[in-house]
Every structure is written in structure tokens, then in C-alpha cells.
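Data block below; observations after.
Atom set for the values below is all heavy atoms of this structure, side chains included, hydrogens, waters and symmetry mates excluded. Note on naming: letters A, B, ... go to the chains in the order of the sequence lines (proteins, then strands), and numbering restarts at 1 for each one.
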Number of protein chains: 2
Amino acid sequence: MSETNEIKVAVDAIVFGYQQNTLYVLLVKQKFGQMKGIWVLPGGFVLKHESLKEAVTRELQEEAGIQVNYLEQLYTFGDDINRDPRFRVISVAYFALVNPDNFALVHQNDTDAEEAQWFAIDRVPKLGYDHNEIIKVAHQRLKNKLTYQPIGFDLLAEEFPFSDLESLYTVILEQDIDRRNFRKKILSFGFLEETNTLSPNTGSGRPARLFRFNNNAYNQLLSKGFHFEITFA
Amino acid sequence: MSETNEIKVAVDAIVFGYQQNTLYVLLVKQKFGQMKGIWVLPGGFVLKHESLKEAVTRELQEEAGIQVNYLEQLYTFGDDINRDPRFRVISVAYFALVNPDNFALVHQNDTDAEEAQWFAIDRVPKLGYDHNEIIKVAHQRLKNKLTYQPIGFDLLAEEFPFSDLESLYTVILEQDIDRRNFRKKILSFGFLEETNTLSPNTGSGRPARLFRFNNNAYNQLLSKGFHFEITFA
DNA sequence: ATTCGTGGCGTATAATTTACGCAAAAGTAG
DNA sequence: CTACTTTTGCGTAAATTATACGCCACGAAT
């Protein structure tokens with residue numbers, strides 16, 4: 001059974017960010033090896049003494065100097081035996097979200113990545129390995145999750161105007177929504193806190209009140225059997 | 001980085017079956033090694049030349065002589081570094097369903113498993129590794145999926161009376177449902193085919209017409225944006 | 001003061017879900 | 001044959017939720 005030794009275990013991260021009505025995904029440029037100069041998802045091999053989750057956070061720190069505020073396992077890609085031309089590799093992909101406060105990238109020097117950069121989701125270039133496929137799966141997961149989990153808040157600032165949440169949904173789901181019904185529904189859930197602050201003046205239009213997602217309230221609802229779900233006309 | 005060589009990749013399968021109003025899960029008894037005599041989930045190490053999915057089907061064939069009719073990746077367990085006392089192992093768990101036609105187990109001799117056996121889900125003994133935890137996750141997934149994917153049909157015979165589908169839902173979700181509304185809703189979807197046959201006589205009560213799940217019809221609905229969803233009062 | 005652009009609330013109608021009554025089709029016992 | 005039991009199968013009214021829109025509020029620029 002020594003054969004089984006030769007399978008390598010990697011992790012990859014699909015990190016989404018949202019800025020000014022655009023959905024971004026984080027990519028890094030390979031510094032060494034056969035894939036030098038090619039854009040790929042941040043990630044790398046798992047070390048023997050670390051958990052999968054630790055491996056992902058480590059790689060994100062090393063390659064992009066970024067901390068995410070939502071992280072979950074997405075899928076393990078291992079059915080295409082030749083996805084990596086060098087070895088038999090299986091990759092555990094993680095799905096991550098960052099909010100605008102953590103959007104900035106800080107590059108460390110001692111890594112496999114030459115550079116880290118945000119790409120608008122519809123401007124992602126041809127990537128190494130099967131990473132374009134992986135992004136597709138992750139993008140789909142994001143769209144789905146948005147409708148049945150209050151995950152959009154992890155892409156927004158701590159405090160946000162309602163219109164930000166609304167346009168986040170329209171942008172990511174590529175679907176028009178009725179502003180009034182959307183607001184009514186979200187507010188009816190009861191996990192949004194009104195703040196006293198108003199949105200900074202953007203030059204035109206009435207300033208909006210800022211809201212905050214109350215995680216405690218949400219968890220309490222969950223424990224009472226509440227199920228988040230939001231659909232559109 | 002030779003460290004990464006030492007991580008072993010395994011697959012495990014959580015196979016569910018349904019018979020006479022009871023949900024079963026498939027377990028095998030270890031034949032060799034430290035875990036000899038202990039019940040665990042069917043599974044084993046992935047060979048270098050095979051895909052993850054191939055590894056699962058192979059192990060299921062070897063250890064229990066069973067063919068499943070639904071198989072999907074569940075989760076990759078690799079955060080507990082010491083889940084296997086011998087090596088650092090990560091395990092890709094698969095979620096599987098068998099219908100009554102494939103319920104029978106045939107044991108091969110040349111495997112790690114001494115015996116394969118169905119256990120009622122609420123009579124599962126203490127298992128090796130973290131397998132009790134894995135079953136919990138799979139059981140939850142089954143419950144969830146039942147409500148948003150027409151997966152229950154994979155646990156029933158090709159042709160079935162409506163009451164079977166109904167009690168499957170009540171048993172697995174541990175929830176009473178209104179028979180009349182349930183039937184109305186499911187039929188309204190339009191992916192059930194009426195057959196001409198009536199259910200074999202059970203001794204009392206009116207014989208039921210048998211139905212068949214029409215996968216083609218379902219896929220056509222899907223492509224039109226249909227979303228299966230079933231909730232209960 | 002008027003106009004422009006966003007924010008914010010309300011109400012009528014349509015669609016869907018929930019609750020539940022009851023007849024039809026078997027088998028069985030007398 | 002009739003009464004009684006059991007399970008199937010259909011229908012209809014009420015309650016709830018989703019959808020479609022109308023319109024005023026507030027702030028800034030002209």
C-alpha cells in the first residue's frame with residue numbers, strides 16, 4: 001500500500017470581496033516552477049502537523065497577507081487524476097469572504113506567490129490547473145448561499161446602508177429586486193440593528209440610516225427553528 | 001516539503017438504506033490491526049491511480065458487495081490531526097443511498113472488513129475513529145436534502161405507493177405531515193408518473209396506486225428554473 | 001422655491017400554504 | 001349481505017405570505 005503515500009494533499013482558497021458594486025476574487029501569481037507567471041488560486045500543500053483550516057489561513061497570510069471573516073469548506077477536487085501535471089494531488093477547496101475592512105492585500109516575500117491581486121469575477125483570466133472550474137463552483141455556491149444564509153453581511157462593512165445590501169444582492173445574483181419588498185422582508189427577520197449614524201454624504205440624495213447585522217439575534221432565531229430564506233419576484 | 005508526503009488520503013462512505021419504516025446505515029467490522037473487531041464506516045485508502053469516486057465504489061464493492069444508486073461527496077475530515085492513531089490521515093467522506101432492490105449485502109473475502117451489516121440509525125454502536133461524528137453530519141445532510149432535493153426516491157423501490165414516500169418523510173424527519181397536503185404538493189410538481197399497477201394486498205385497507213419518479217421530467221423542470229422544496233406545517 | 005436623486009413606508013391583490021371534512025375501495029366478521 | 005375497520009384519494013375554505021406599485025420624506029444643487 002505504499003502507493004497511497006504518493007498522493008499529496010493541498011488546500012486552495014476562493015476568496016470573495018465586494019467593492020463598489022463589483023464582486024472580486026483573489027488570485028496570486030506563481031513565482032517558481034512550471035507554473036511561473038501564471039495566475040492561480042491562493043493555496044498550497046498541507047503540512048503534516050497542521051489542520052486543513054490552519055493550512056488555508058497560513059497560506060492566505062503568507063501569499064496575500066489577508067485575513068478572512070468567513071471560511072468554510074467548499075469541495076475536495078480529486079477526481080481528475082492529472083489536474084496537477086507534477087504529482088497526484090487532491091485539493092480541498094475553501095470558500096472565504098472578506099469585508100471591506102480587510103480588503104487590503106499585504107505581500108510577504110518568502111512565499112511561492114509573486115504577487116496577489118483582486119480580479120473582478122467577470123475578468124478572471126485563464127488560470128493554472130483546474131482553478132477556473134473551482135471558481136465556477138465557488139461562485140455558484142456564493143449565489144446559492146446568499147439566498148438561504150445571511151452571508152452577504154460578511155461582504156459588507158460592519159455598518160452599512162440598506163441600499164448597499166440591496167445592490168450586493170442584485171450584483172451577485174444578477175437579478176433585479178423590488179427595493180421596497182426586499183427591505184420589508186429583511187427587516188421583518190429582526191436581526192438587523194438600526195444605528196443612529198447616517199451614511200456619509202455622497203453628494204446627492206437623502207442620506208441613509210446605517211444598519212448592523214446582529215449575530216446574537218440571528219443565532220437566537222436559529223435556535224428557535226428560524227430559517228433564513230430570501231427569494232425574488 | 002517532504003513532510004507533505006506523509007499525509008494519507010482515505011475515503012469513507014455513509015450509506016443509507018430504508019426498509020419498513022426504518023432508516024439504516026451500513027457498517028463494517030474491521031478484520032485486522034489495532035481496530036480489529038470494531039465497527040467502522042466502509043472505506044479505505046485511495047490508490048494513486050484512481051479517482052476519489054472510484055475509490056469509494058471499489059471499497060463498497062469489496063467490503064459489502066453493494067452498489068449504491070446515489071453518491072455525492074459529503075465533507076473532508078482533516079482537522080483532527082489524530083483522528084487515526086497510526087498516521088496523519090484525511091478522509092473524504094461520501095454520502096450514498098441505496099434503494100430496496102440493492103439492499104442485500106454480499107461479502108467478499110479479500111478485504112479489510114470481516115463483516116458488513118446494516119444498523120438502524122438509532123442503534124449505531126460506538127465506532128472507531130471519528131466515525132460517529134461523521135454519521136451525524138451525514139444524517140443531518142440527509143434530513144436537509146430531503147427538503148430541497150427529490151432524493152427520497154433513491155431510498156424507495158422503483159415503483160412505490162404514495163404512503164411509502166409519506167412515511168419515509170415522517171420517519172427520517174421525525175415530523176408529522178398532513179397526508180393530503182403532502183400528496184397535493186408532490187403531485188403538483190409533475191415529476192411523478194402514475195402506473196397502472198396497484199400495490200400488493202396488505203390485508204387491510206384500500207390498495208394504493210403505484211407511482212414512479214420520472215427523472216427526465218424532473219430534469220426538464222430543473223432546466224426551466226424549477227426548485228424542489230417541501231416544507232411541513 | 002423648484003427640481004433631482006435617493007431613502008422609506010403603506011396598502012391592495014395574487015398566490016401559496018395550512019387545516020380539515022368526507023367519500024371510495026378494499027378486507028373481515030357476523 | 002351488512003356493518004365495521006382500514007387505508008386511499010379528492011375537494012374546499014381560511015390564513016398566511018409574496019408581489020406589485022403608489023407616493024411622501026429628506027438633503028443638495030440651481
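- Here the C1' atom of nucleotide dT17(D) and the CZ atom of Phe182(A) are 17 Å apart, to the nearest Å.
- For Arg183(A) and dG8(C), the shortest distance from a side-chain N or O to OP1 or OP2 is below 4.0 Å.
- One atom, CZ of Phe232(B), and another, C1' of dT18(C), lie 13 Å apart when rounded to the nearest Å.
- Under a cut-off of 6.0 angstrom, the local environment of CG in Asp122(B) is crowded, with over 12 non-hydrogen atoms contributed by other residues, nucleotides or ligands.
- Checked against dA20(D), dT18(C), dG8(C), the side chain of Lys184(B) finds its nearest nucleotide in dT18(C).
- Within the 3.5 Å criterion, the main-chain N or O of Lys53(B) finds a donor-acceptor partner in the side chain of Asp79(A).
- In this structure, CD of Glu166(A) is placed 11 Å from P of dG8(C), rounded to the nearest angstrom.
- In this structure, CZ of Phe162(B) is placed 23 Å from P of dT6(D), rounded to the nearest angstrom.
- Residue Asp178(A) contributes atom CG, which lies 15 Å from atom C1' of dT17(D) at whole-angstrom precision.
- Side-chain atoms of Leu198(B) lie closest to dA26(C) of the nucleotides dA26(C), dG7(C), dT18(C).
- Remark: Ser163(A) is in phosphate contact with dG7(C), judged by side-chain N or O atoms under 4.0 Å from OP1 or OP2.
- When each of dA19(C), dA25(C), dC10(D) is scored by its nearest atom to the side-chain atoms of Pro207(B), the top-ranked nucleotide is dA25(C).
- Gln67(B) and Asn102(B) share no side-chain donor-acceptor pair at under 3.5 Å.
- Between Phe213(B) and Tyr218(B), the ring planes are tilted. Angles from 30° to 60° get that label.
- Mapped onto DNA chain C by nearest heavy atom, Asn181(B) and Ser204(A) fall at different nucleotides, with Ser204(A) at the one closer to the 5' end.
- Proximity note for Arg209(B) (side chain, C-beta onward) versus dC10(D), dG9(D), dG7(C): the nearest is dG9(D).
- Between Asn69(B) atom CG and Leu155(B) atom CG the span is 8.0 Å, to the nearest 0.5 Å.
- Distance, Arg179(B) CZ to dC20(C) P: 14 Å, rounded to whole Å.
- For Arg206(A), taking side-chain heavy atoms from C-beta onward, the closest of the listed nucleotides dC10(D), dA25(C), dG5(C) is dG5(C).
- Picking from dT17(C), dG9(D), dC21(D) the nucleotide with the shortest atom distance to the side chain of Arg180(A) gives dC21(D).
- To the nearest angstrom, C1' of dT17(C) lies 14 Å from CD1 of Ile186(B).
- Note: CZ (Phe160(B)) to P (dT7(D)) measures 20 Å, nearest angstrom.
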